[in-house]
Undergrad: 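Below is a structure I'd like to ask you about.
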Amino acid sequence: MARIVLVGAGSITFAKNLLSDILTFPELSESTIVLHDIDQVRLDTAEAMARWMVTELGIGARIEAYADRRAAVEGADYVINEIAVGGLEAVRRDLEIPAAYGVRQTIGDTLGIGGIFRALRTIPVMVGIGDDLAELAPDSVLFTYTNPMSMIPWSVYAGTPFKNVVGVCHAARDTQRTLAAMVGVPEEEISFLTAGVNHQAFVLRFEHNGENLYRRLDELIDQDPELRRRVRVEVYRNFGYFPTESSEHGSEYLPWFLPHAEEVERYRIPINVYLEWLADGYEEYEQYKGSLAAGHGVPIERGEELASLAIHSMETGTRRMIHGNVRNGGLITNLPPEATVEVPCHVDRSGVQPVLVGELPAQVAALNRAFLSVGELTVKAALEGRRDHVYQAALLDPNTAATLPVRKVRELVDALIEAHGELLPEGIRK
C-alpha cells in the first residue's frame, strides 16, 4: 500500500483534516502514514491523533513518526508539505514591522512584504526537502500547501533535481462554488475554466447550457451595494473576470486598496487578521492535545482535501479534476515559462496531468505578470543568496511600492532581514 508522508504534521488542524480524508478512503485505509515535524511535542500530538483515528476506525493503517526528515521521506510514494517556518513569531514580525513603517497587510503570506519574507525563510527548507526526495524517493509526488504558492513549487523545481511537485489550494474550487451559489445554478451543471496564478487566478469561463452566467452576476452586483464593497467584486468590475481569492487576500496584491485608509474602510478590509486566525489555530491545537491526553480523541470529519483526493485518484484510477500549481512550460502562453501557474489538472493512475489553457485575456495576464515578477526575484534571491534581489522584489511589490518611497522600502527590508536572522539564506544576511 501507499507510503504517505506528512511534513509539518505538527500543524494539527491541517493534519487532522488530511488524515480524516485519507484514512476514511477504504482503498487507502491500509496505507503507511508517516509523520514528521521538528517540534517533538507537536509531533507526539500528531502521532497520538493518528493512532487514535486508526483505532477508532478499526483499520489497518500503519503509523510512523520521525523528527528526522530524511528518515521520514525515505521510500515515500507521496509527500504532503504543510510547514510554517518560524511559526507565529515569524508571522508577527512579517506583519508588525511593516506596520511600523505604515505598510498595511491582512495576511502577509502570498505576496507583499510579508509574502516575500515568508518565502525567503521557507525556500531553504523546501530546497532541502527537494534534495532529500531526489535522493531517497525519486519517484514520489510532492504536494505542497505552504504559501506563497506561486514561489514554493518554483523554488523546488528550479533549485533541486526533484521536479514532481504540485501546489494545492482550495481557492479556485471554493470560488467556483461561491459563484454557483450566487447565481443559483448547481455547480455540477456549470462549465468553468479557472486559471492564472495562485491567489490571483480568474474564472475565464462561467457558462450554463451556453448562457454566459456573468450576466446574472452583473445583475446581482447592480442590485446590491454591499456586494460592491468587496475587493474581489471591484477587481471583477474593472478587469472583466472574477478573481479566485478572498477580498482579504486580494487586497494585498494590488496598489489601490491598503495604502488608502478610506479604501480600507470602504471595502471593509481587516488589517493583520492573520494573527487572529493563527491565535485561533493555537487554541484549537491545545484543545485537541488535551482531548487526546484524556482519551477522547478528535472529530473524524470527511472533507475534500485536494492532496487526499489526488492520492486516491493515483492509487485507484478514479479520474478527477483538481486545480494544481505547476511549472508553466507553455500551459499559459502569455505568462513566463518558468513561473508556477495554477491550472486545471486531471488526476488518475498516470499522475497529475495539467491542462493546456492557452492565452489569458491581456488584462488578466498583465496582473499576473506583475505578481510573478515579485515571485521570480524572491525565488532568485533565496536560491542565489542575493540581497539586491530582495530589495528589488519589495520595490516591485504593488502594495509596498504604493505605500513607501525607495529609501523606506530598503530600510524596511533591512529591518526584516535583521529580525528574521538565521531563518534566512546566509547570502541575504550579509
Side-chain angles (χ1 to χ4, degrees), residues 2-11 13-15 17-19 21-22 33-38 69 72-73 76-87 107 109-111 115 118-134 136-173 197-199 201 244-245 249 304-311 313-314 322-328 338-343 345 347 351-352 354 372 375 378-379 382-383:
R3 186 175 180 84
I4 304 169
V5 182
L6 273 61
V7 174
S11 178
T13 300
F14 231 142
N17 295 341
L18 284 163
L19 290 171
D21 275 7
I22 291 168
I33 306 296
V34 184
L35 308 172
H36 163 68
D37 203 281
I38 61 172
R69 189 180 67 214
V73 303
D77 297 302
Y78 308 98
V79 177
I80 304 173
N81 169 58
E82 46 192 328
I83 63 172
V85 178
I107 297 162
D109 73 347
T110 296
L111 207 67
R118 187 182 183 96
L120 291 174
R121 63 178 183 270
T122 305
I123 287 172
V125 181
M126 295 306 303
V127 167
I129 292 171
D131 286 340
D132 286 348
L133 294 179
L136 302 171
D139 297 324
S140 63
V141 182
L142 172 60
F143 293 102
T144 179
Y145 281 90
T146 297
N147 285 322
M149 189 72 70
S150 64
M151 305 182 208
I152 296 306
W154 193 339
S155 71
V156 174
Y157 59 70
T160 81
F162 189 81
K163 310 301 179 187
N164 201 7
V165 53
V166 181
V168 284
C169 174
H170 307 116
R173 180 187 69 187
V197 177
N198 179 249
H199 286 188
T244 55
E245 196 41 69
H249 260 304
E304 292 183 307
E305 284 297 338
L306 298 178
S308 59
L309 293 174
I311 291 169
S313 289
M314 295 173 70
I322 66 170
H323 286 85
N325 291 270
V326 297
R327 182 182 181 277
N328 184 17
E338 289 300 316
T340 299
V341 295
E342 187 167 71
V343 297
C345 300
V347 191
V352 179
L372 289 170
T378 303
V379 171
L383 295 182

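Counting from 1, the numbers follow the sequence of the chain as shown.
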Undergrad: Applying salt bridge (charged side-chain N to carboxylate O under 4.0 Å, His left out), can you list everything that pairs with R173, at least two apart in sequence or on another chain?
TA: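 Once residues adjacent in sequence are excluded, R173 has no partner under the salt bridge (charged side-chain N to carboxylate O under 4.0 Å, His left out) criterion.
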Undergrad: Start with the C-alpha distance between V79 and V7, add both sets of side-chain angles, then the distance that settles side-chain contact (heavy atoms from CB on, under 4.5 Å), and finish with yes or no.
TA: CA-CA 7 Å; V79 177; V7 174; 3.7 Å; yes
Undergrad: Walk me through whether I129 and V73 qualify under side-chain contact (heavy atoms from CB on, under 4.5 Å).
TA: CA-CA 9 Å; I129 292 171; V73 303; 5.6 Å; no
Undergrad: List in chain and number order the residues that pass ring pair (Phe, Tyr, Trp, His ring centres under 6.0 Å) with H36, two or more places apart in sequence or in another chain; answer none if no residue qualifies.
TA: none
Undergrad: Side-chain donor-acceptor pairs under 3.5 Å in residues 164-172, sequence neighbours left out?
TA:
from : atom 1 : to   : atom 2 : distance (Å)
N164 : ND2    : S140 : O      : 3.3
H170 : NE2    : E305 : OE1    : 3.0

Undergrad: I'd like to check the ring pair (Phe, Tyr, Trp, His ring centres under 6.0 Å) partners of H249; sequence neighbours left out, ordered by chain and number.
TA: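 If we apply the ring pair (Phe, Tyr, Trp, His ring centres under 6.0 Å) test to H249, skipping adjacent residues, the hits are H199.
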Undergrad: Where is the tightest heavy-atom contact between E304 and L309, given as atom of each residue plus distance?
TA: O-CD1, 3.8 Å
Undergrad: Inspect the surroundings of CG in L136 and state if more than 12 heavy atoms from other residues, nucleotides or ligands are less than 6.0 Å away.
TA: yes
Undergrad: Using side-chain contact (heavy atoms from CB on, under 4.5 Å), reason through I152 and I123 one step at a time and then give a plain yes or no.
TA: CA-CA 6 Å; I152 296 306; I123 287 172; 4.2 Å; yes
Undergrad: Would you please name every residue forming a side chain to side chain contact (heavy atoms under 4.5 Å, CB included) with P354, sequence neighbours left out?
TA: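 P354: side chain to side chain contact (heavy atoms under 4.5 Å, CB included) contacts with V326, L331, V343, C345.
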Undergrad: For A9, which residues count as a side chain to side chain contact (heavy atoms under 4.5 Å, CB included) partner, sequence neighbours excluded?
TA: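 With neighbours one apart ignored, the set is L6, L35, A46.
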Undergrad: Could you pull out all residues at least two apart from S308 that satisfy side-chain hydrogen bond (donor to acceptor under 3.5 Å, both in side chains)?
TA: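 S308 satisfies side-chain hydrogen bond (donor to acceptor under 3.5 Å, both in side chains) with D21 only.
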Undergrad: If the condition is side-chain hydrogen bond (donor to acceptor under 3.5 Å, both in side chains), which residues does S313 pass it with, not counting sequence neighbours?
TA: R320
Undergrad: Hey, what do you get for OG1 (T110) to CE (M151), rounding to the nearest 0.5 Å?
TA: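 Taking OG1 in T110 and CE in M151, the distance rounds to 8.0 Å.
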Undergrad: According to side-chain hydrogen bond (donor to acceptor under 3.5 Å, both in side chains), who are the partners of S11, at least two apart in sequence or on a separate chain?
TA: none
Undergrad: Distance check, rounded to the nearest 0.5 Å: T13 atom OG1 versus L18 atom CG?
TA: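 With rounding to 0.5 Å, OG1 (T13) is 11.0 Å from CG (L18).
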Undergrad: Among all residues two or more places apart in sequence or in another chain, which pass the ring pair (Phe, Tyr, Trp, His ring centres under 6.0 Å) test with Y145?
TA: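 Residues passing ring pair (Phe, Tyr, Trp, His ring centres under 6.0 Å) with Y145: F14.
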Undergrad: Could you give all pairs that pass the salt bridge (Lys or Arg N to Asp or Glu O under 4.0 Å) test and reach residues 123-134, with sequence neighbours left out?
TA: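 Qualifying pairs, neighbours excluded: R69-D132, R70-D132.
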Undergrad: Would you please name every residue forming a side-chain hydrogen bond (donor to acceptor under 3.5 Å, both in side chains) with T146, sequence neighbours left out?
TA: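 Counting only residues at least two positions away or on another chain, T146 forms a side-chain hydrogen bond (donor to acceptor under 3.5 Å, both in side chains) with N81.
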Undergrad: So, taking the atom named CD1 in I4 and the one named CD1 in I22, what distance separates them when rounded to the nearest 0.5 Å?
TA: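 Interatomic distance, I4 CD1 to I22 CD1, rounded to 0.5 Å: 4.5 Å.
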Undergrad: Hey, could you give me the CG/CD1 distance between L306 and I322, rounded to the nearest 0.5 Å?
TA: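 So the CG of L306 and the CD1 of I322 are separated by 5.5 Å.
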Undergrad: As an exercise, state the distance from CE of M149 to OG1 of T340, rounded to the nearest 0.5 Å.
TA: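 Between atom CE of M149 and atom OG1 of T340 there are 9.5 Å.
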Undergrad: Strictly distance-based, threshold 3.5 Å: is any side-chain N or O of Y78 a donor or acceptor partner for the main-chain N or O of A307?
TA: no
Undergrad: If you measure from CH2 on W154 to CE on M126, what distance do you get to the nearest 0.5 Å?
TA: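 Here the rounded value is 15.5 Å.
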